[in-house]
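Computation of the quantities below employed the complete heavy-atom set of this structure, encompassing side-chain atoms and omitting hydrogens, waters and symmetry-equivalent molecules. For ligands, and for the atoms within them, numbers begin at 1 and follow the listed sequence.
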Amino acid sequence: MSKRRFALVGNPNSGKTTLFNALTGSNQFIGNWPGVTVEKKSGHLIGHPEVEILDLPGLYSLAANSLEEIIASKELTENPPDAIINIVDGTNLERNLYMTTQLFDLGIPLILVINMADELRQEGISIDADKLSKRIGYPVVAISALKGENIDKLIGHLLSPEITQNHPAKTDYGADIEAVIAQAFGIIKPSFPESQLRYWSFRSLEPGFKQNLDQVQQLELQRLQEDYESSHEGDDLESSIAGLRYDKIDQLVNGTIHGSRKGELSFSDRVDQIVTNRWLALPIFVLVMVIVYGISITTLGTYLTDWTNEVLFGEIVPGFVSSLLERMSVAEWLQSLILDGIVAGVGAVLGFVPQMLVLFFMLAFLEASGYMARIAFIMDRAFRKWGLSGKSFIPLLVGSGCSVPGIMASRTIEEESDRRMTVILTSFIPCGAKLPVIALFAGAIAGDALWVAPAAYFLGIAAVILSGLILRKTPRFKGDPSPFVMELPPYRLPGLKTILRSTWERGWSFIKKAGTIILLSSIVIWALLRFGVENGSLATVEVLGNSFMARLGSLISWMFRPLGWDSWQAAVATITGLVAKENVVNTFGILFGYAEVSETGTEIWANVAQHFGVLGGFSFLIFNLLCIPCFAAIGAIKREMNNAGWTWFALIYQSVFAYAVSFVFYQIGNWALTQQFSFMTILAILVVLGTIYFLVRPEKQKEVRTPQRNGVRA
Ligand code: GDP
């Protein structure tokens with residue numbers, strides 16, 4: 001058979017992933033769409049390498065509101081597949097068919113796959129696929145992707161010669177709208193391929209649509225919309241079209257669904273009456289979070305991380321590698337590079353992998369079961385006030401365990417700017433590795449006071465909120481976070497295979513992408529600590545003070561003078577903290593002459609207190625809590641931003657923010673304690689006033705993003 005390409009299209013939660021896996025098995029290729037972080041998956045039909053299946057992102061419509069929608073529309077129009085496999089959730093048929101009507105406009109051959117046949121059967125509902133097929137003019141198959149029902153029938157269609165040739169019945173939305181569409185058609189005709197004109201005519205009537213059009217065309221389209229709206233008592237054209245699409249869907253499915261449970265509440269609706277109930281929503285949410293957090297961050301997760309860090313990468317791997325290296329009589333410096341540099345550095349990062357997998361598993365479960373959408377819904381109101389979306393909650397929560405999975409959990413946020421914002425802010429929340437550093441300073445300069453740790457979390461939360469507000473005022477993030485328009489998918493018990501697969505895909509992509517950057521940086525830091533100039537010549541140094549790292553520390557330490565700590569030791573600890581934050585404690589241990597110190601560095605409390613003083617110590621702690629995270633988290637940021645400009649923006653913002661907060665803290669604290677008023681005090685006051693002004697100043701011109709989701713009925 002000749003080569004053919006299918007694009008798999010469907011709403012989120014329609015079972016698209018399950019079907020894709022069932023059709024392609026392990027013949028999958030995962031990459032990114034060019035230039036963006038959205039995953040691009042494609043594969044070959046099992047046993048048929050000539051049949052390619054491309055998995056498009058899950059979407060509710062083809063309007064260009066989100067990155068996924070833009071990608072999908074671009075792919076379908078610029079590189080049209082031989083046919084579209086449109087999967088719809090049979091338990092939510094009308095809603096899912098909304099996008100189907102848009103796919104009809106494209107005029108590409110299509111096969112409609114009604115999924116969840118097993119669930120429908122359980123509810124006593126049957127859908128007459130043949131009748132529906134006659135009405136829409138495309139083949140229709142009812143399947144259960146999960147149970148493998150009718151997959152062979154679907155494959156039969158995919159392999160048949162007719163599939164790439166079927167022609168749809170033309171949709172007709174009534175004289176009124178068809179007249180408008182005909183006019184739009186005339187306006188945009190020169191700018192789009194002939195065969196796609198119907199699709200683009202509808203698209204061109206979206207508010208603000210500009211693609212391929214010159215100014216005259218845009219004005220004409222705008223006039224067309226205004227004329228329609230004024231002659232229809234202000235009804236907006238977009239909503240009218242959406243309404244007509246739903247009417248069309250009603251006509252198409254009318255009489256094809258039997259045994260409908262009309263009037264009765266579905267299982268999901270009944271669950272939602274409890275789960276999103278005004279009084280119960282929050283307690284239930286807290287309970288779910290306690291369970292997720294309890295399992296992935298504290299009990300099972302901690303156990304796994306401790307085991308990997310202390311046993312696997314603490315004893316087993318180093319023991320094995322060092323005996324191997326000795327047997328091979330490898331040079332001492334190379335042994336050190338491999339053991340202290342590579343194994344220790346990469347091990348510190350891989351140590352988080354098992355915990356991450358546990359967490360990803362829980363998240364995949366929440367996502368696939370439908371509860372994640374409710375969490376976002378419940379948190380949305382509060383978070384929007386701070387310039388974040390309800391979906392930012394999960395990454396921040398996860399980030400309190402480890403920023404890496406936290407940053408990666410931001411992937412569930414559809415809206416690009418909300419997601420980037422979350423990626424930038426997640427590492428402000430103190431992660432598990434920062435706790436020893438907090439404990440060190442609490443012990444050394446605050447008499448081991450109990451309030452220090454909660455204060456650190458409070459600082460993190462305040463940093464997130466303040467930064468959310470600040471960033472929303474910058475041109476890059478202008479406008480409010482997108483309003484919560486995602487619909488709540490039905491609850492269902494997720495399949496284990498789907499969850500395991502998604503867990504593994506996320507974990508593996510971390511290992512791969514973060515692995516390279518961590519490996520490199522571990523080697524660089526190792527070399528800087530080990531080599532230096534001693535007795536006038538280049539050597540492996542005995543005293544850390546002679547190492548290149550110490551030089552580097554002295555070279556940059558002046559920068560921290562305004563923050564109240566400018567020793568090279570403090571600068572070095574800050575740098576080694578980039579490999580893993582808990583390294584700050586070890587580094588001070590070594591700098592103060594101990595080969596090894598306890599986790600919270602009790603031995604060196606007195607040295608640290610003397611070295612920093614109270615104000616300088618807190619300032620150092622604040623800076624290290626807020627500044628750029630460890631290399632693993634930087635790797636995750638890079639991976640999620642998938643763009644050098646954005647990655648740098650994130651890192652620079654975090655550094656500048658941390659610097660400003662420590663600066664203000666130290667200078668104003670110093671003024672309050674010593675009554676010494678200097679130029680620096682004035683500067684600190686200016687930073688505070690400037691920030692306040694930036695936040696409350698009246699905006700010249702409010703540019704509001706208006707993400708309107710077509711077809712999502714309020
Ligand atoms: P996607 O978001 O469209 O990729 O959807 P998934 O493939 O992740 O499926 C969403 C949820 O529906 C998962 O929990 C699946 O296990 C479940 N699911 C998928 N197909 C079926 C099906 O045919 N029957 C039932 N009962 N559940 C299904």
Problem set entry | E162: partners by salt bridge (charged side-chain N to carboxylate O under 4.0 Å, His left out), with sequence neighbours left out | none
Seminar exercise, completed: atom 3 (O) of ligand 1: closest protein heavy atom, distance to 0.1 Å, is K16 N, 2.8 Å
For this session: Tell me yes or no: between the side chains of R135 and T256, is some donor less than 3.5 Å from an acceptor?
Result: no
Exercise. Between W508 and W504, what is the ring plane arrangement, given parallel below 30°, perpendicular above 60°, and tilted in between?
Worked result: parallel
Exercise. What atoms of ligand 1 come within less than 4.0 Å of a heavy atom belonging to R492?
Worked result: 11 (C), 12 (O), 17 (C), 27 (N)
For this session: For atom 4 (O) of ligand 1, find the nearest protein heavy atom and state the residue, atom name and distance (0.1 Å precision).
Result: T17 OG1, 2.2 Å
Seminar exercise, completed: Which of I424, T422, V423 passes side-chain contact (heavy atoms from CB on, under 4.5 Å) with T426? It is T422
For this session: Could you establish whether S14 and ligand 1 come within less than 4.0 Å of each other, counting only heavy atoms on the residue side?
Result: yes
For this session: Starting from the C-alpha separation in whole Å, work towards a yes-or-no answer on salt bridge (Lys or Arg N to Asp or Glu O under 4.0 Å) for R374 and D272.
Result: CA-CA 9 Å; R374 273 85 183 169; D272 264 341; 2.8 Å; yes
Seminar exercise, completed: Note: N11, heavy atoms under 4.0 Å from ligand 1, region reported as backbone
Exercise. Of the protein's non-hydrogen atoms, which lies at the shortest distance from atom 10 (C) of ligand 1, and what is that distance?
Worked result: N13 OD1, 3.5 Å
For this session: Would you tell me whether T100 and N86 have side-chain atoms, one donor and one acceptor, within less than 3.5 Å of each other?
Result: yes
For this session: Check L146 against ligand 1 and report side chain, backbone, both or neither, counting heavy atoms closer than 4.0 Å.
Result: both
Problem set entry | atom 5 (O) of ligand 1 [closest protein heavy-atom partner, distance rounded to 0.1 Å] | G15 N, 3.1 Å
Exercise. Is there side-chain contact between L45 and L23, with heavy atoms separated by less than 4.5 Å?
Worked result: yes
For this session: Check the pair T77 / W200 against side chain to side chain contact (heavy atoms under 4.5 Å, CB included), numbers first and verdict last.
Result: CA-CA 10 Å; T77 53; W200 289 114; 3.5 Å; yes
Seminar exercise, completed: Any heavy atom of T18 under 4.0 Å from ligand 1? The part involved is both
Exercise. How far is atom 20 (N) of ligand 1 from its nearest protein heavy atom, and which residue and atom name does that atom have?
Worked result: N115 ND2, 3.1 Å
Exercise. Can you list the ligand 1 atoms lying under 4.0 Å from a non-hydrogen atom of S144?
Worked result: 22 (C), 23 (O), 24 (N)
For this session: Would you check if there is a donor-acceptor pair between the side chains of T17 and R501 at a distance under 3.5 Å?
Result: no
Problem set entry | Subset of ligand 1 atoms that lie under 4.0 Å from at least one heavy atom of E119 | 25 (C), 26 (N)
Exercise. For F104, is the NZ or CZ atom of R245 found under 6.0 angstrom from the centre of its six-membered ring and inside 45 degrees of the ring axis?
Worked result: no
For this session: With heavy atoms of G495 as the reference, note each atom of ligand 1 found under 4.0 Å away.
Result: 14 (O), 16 (O)
For this session: Inspect the contact between R5 and E75 and indicate whether a charged nitrogen and a carboxylate oxygen are less than 4.0 angstrom apart.
Result: yes
Problem set entry | For T498, atoms of ligand 1 separated by under 4.0 Å from a heavy atom | 8 (O), 16 (O)
Problem set entry | Under 4.0 Å to a heavy atom of P494 - the qualifying atoms of ligand 1, by number | 14 (O), 16 (O)
Problem set entry | Protein contact of atom 24 (N) of ligand 1 - nearest heavy atom, named by residue and atom, plus distance | D118 OD1, 2.8 Å
Exercise. For ligand 1, which atoms sit closer than 4.0 Å to a heavy atom of M116?
Worked result: 12 (O), 18 (N), 19 (C), 20 (N), 21 (C), 22 (C), 23 (O), 24 (N), 25 (C), 27 (N), 28 (C)
